[in-house]
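Take a look at the structure set out below.
Heavy atoms only: backbone and side chains are in, while hydrogens, waters and symmetry mates are out.
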Amino acid sequence: MSLAWAVAAPLWLGNGIYDTKLPVIASFMMFTPTVAVLVIALAERRIRSFSSDVGLWPINRPGKFVVAIVLSYVIPLGLILQAPFIGTWLGVFPGDLENYTILHIHAGEAGPFQYLLGQAGLIAVASLMNSVLALGEEIGWRGWLWSRLQAYGQLISIVISGGIWGIWHAPLILLGYNYPFATGPWGVMAMCGMCIVFGAFLGWLRNFSDSVWPAALAHGVFNASVGLVSLFIVMGAPLDTTQASILGWSGWLLPTLVIAVMLLCGAYNLKRTTNLSTIR
């Protein structure tokens, strides 16, 4: 946490999220979890096994790894795209789900289908680049922290790892990043909720594949495609992200139901090749 605050300090001393250095600072901030875990690995004299401990290498389940890579695209898109429809139904998302005005404007003569197909291609490319940055986080969150929490049960692993991940974003969230309508700690609390929900799926990818790579890719896809929500909104309407989109509570309802079913069905109970939860 302290590393994240140190990296983000120039934003607090400057123009906040309007600072031109925001993209660079945010990118460096994403590598602070990896730096912290490397320090811990050195302290525990586990640097030689670091790669296997955090799920970087080797690929122990190649078949499931391939399936997880495919799901790394499907899951984030599903989470993002379901939120406007649920939010509109609940009356908290200003959805334009009859005319899709913004979508048609962007599509132009090409038509919505061709436009969305092009967006899918752009997301595929952007997600690969974003995954490099996301790996800086995922080595810490799903690679190390998630593994250490496994001994305490899956629900606890989901809540604690997601909560810590959300709080880690505080240096940016408190400046208005992601939640411009939130005041005080409410934005951080909302970010914790989103991270718990999304982190549950990232944790499942980690367990299923026994690798951190699918989680990093899913994280990259999420970051590359979260802006798709703008295609479904009424033009000019304000969006309170504490309530709507995947960032807000209405966007968590359906995913939480899916997570509950997964927990009840034991979907997370997969044996790990490397089980850090047994390390003391």
Take atom [atom1] of [X] as the centre, draw a 6.0 Å sphere, and report whether it contains more than 12 heavy atoms from other residues, nucleotides or ligands.
| X | atom1 | answer |
| --- | --- | --- |
| Tyr100 | OH | yes |
| Trp57 | CH2 | no |
| Tyr177 | OH | no |
| Trp213 | CH2 | no |

For residues [X] and [Y], determine if any side-chain heavy atom of one lies less than 4.5 Å from a side-chain heavy atom of the other.
| X | Y | result |
| --- | --- | --- |
| Ile25 | Pro10 | yes |
| Pro180 | Thr241 | yes |
| Ser131 | Glu138 | no |
| Ile173 | Tyr179 | yes |
| Ile167 | Met191 | no |
| His104 | Asn99 | no |
| Leu128 | Leu217 | yes |
| Ser250 | Phe93 | no |

Sequence neighbours left out, what passes ring pair (Phe, Tyr, Trp, His ring centres under 6.0 Å) with Trp186? Give chain and number order.
none

Over-ring placement of Arg206 relative to Trp141, 6.0 Å and 45° cut-offs:
no

Kindly give the heavy-atom pair with the smallest separation between [X] and [Y], and that separation in Å.
| X | Y | answer |
| --- | --- | --- |
| Cys195 | Gly162 | CB-O, 3.3 Å |
| Thr101 | Met235 | CG2-CE, 4.1 Å |
| Glu137 | Trp165 | OE1-NE1, 2.7 Å |
| Leu202 | Ala215 | CD2-O, 3.6 Å |

Do Asp210 and Phe65 pass the side-chain contact (heavy atoms from CB on, under 4.5 Å) test, and can you show the C-alpha distance, the side-chain angles, and the key distance before you say yes or no?
CA-CA 8 Å; Asp210 198 18; Phe65 180 84; over 6 Å; no

Tell me whether [X] shares a hydrophobic cluster with [Y], the cluster being built from Ile, Leu, Val, Met, Phe, Trp, Tyr side chains joined at under 4.5 Å.
| X | Y | value |
| --- | --- | --- |
| Leu174 | Met189 | no |
| Ile102 | Leu97 | yes |
| Ile47 | Ile139 | yes |
| Ile259 | Leu253 | yes |
| Val24 | Val132 | no |

Verdict with reasoning, Leu205 to Ser72, per side-chain contact (heavy atoms from CB on, under 4.5 Å)
CA-CA 8 Å; Leu205 286 170; Ser72 296; 4.0 Å; yes

Apply side-chain contact (heavy atoms from CB on, under 4.5 Å) to Leu56 and Leu135, showing your working.
CA-CA 10 Å; Leu56 284 170; Leu135 184 63; 4.0 Å; yes

For the residue pair Phe208 and Trp204, does the interplanar ring angle fall in the parallel (under 30°), tilted (30 to 60°) or perpendicular (over 60°) class?
parallel

Connected hydrophobic set around Leu13, excluding itself, where side chains approach under 4.5 Å:
none

So, Gln82 side chain and Leu79 main chain: donor-acceptor pair closer than 3.5 Å or not?
yes

Side-chain donor or acceptor of Trp249 paired with backbone N/O of Ala244 under 3.5 Å:
no

ring-ring contact (aromatic ring centres under 6.0 Å, His included): which pairs involve residues 220-243, sequence neighbours left out?
Phe85-Phe232, Phe198-Phe222

Of the options Leu22, Asn15, Ile17, which is the one that meets Leu175 in a side-chain contact (heavy atoms from CB on, under 4.5 Å)?
Ile17

Testing Ile123, Leu71, Leu81, Val221 one by one against Pro76 for a side-chain contact (heavy atoms from CB on, under 4.5 Å), which residue passes?
Val221

List the steps, then state whether side-chain contact (heavy atoms from CB on, under 4.5 Å) holds for Leu263 with Tyr268.
CA-CA 7 Å; Leu263 286 170; Tyr268 287 86; 3.7 Å; yes

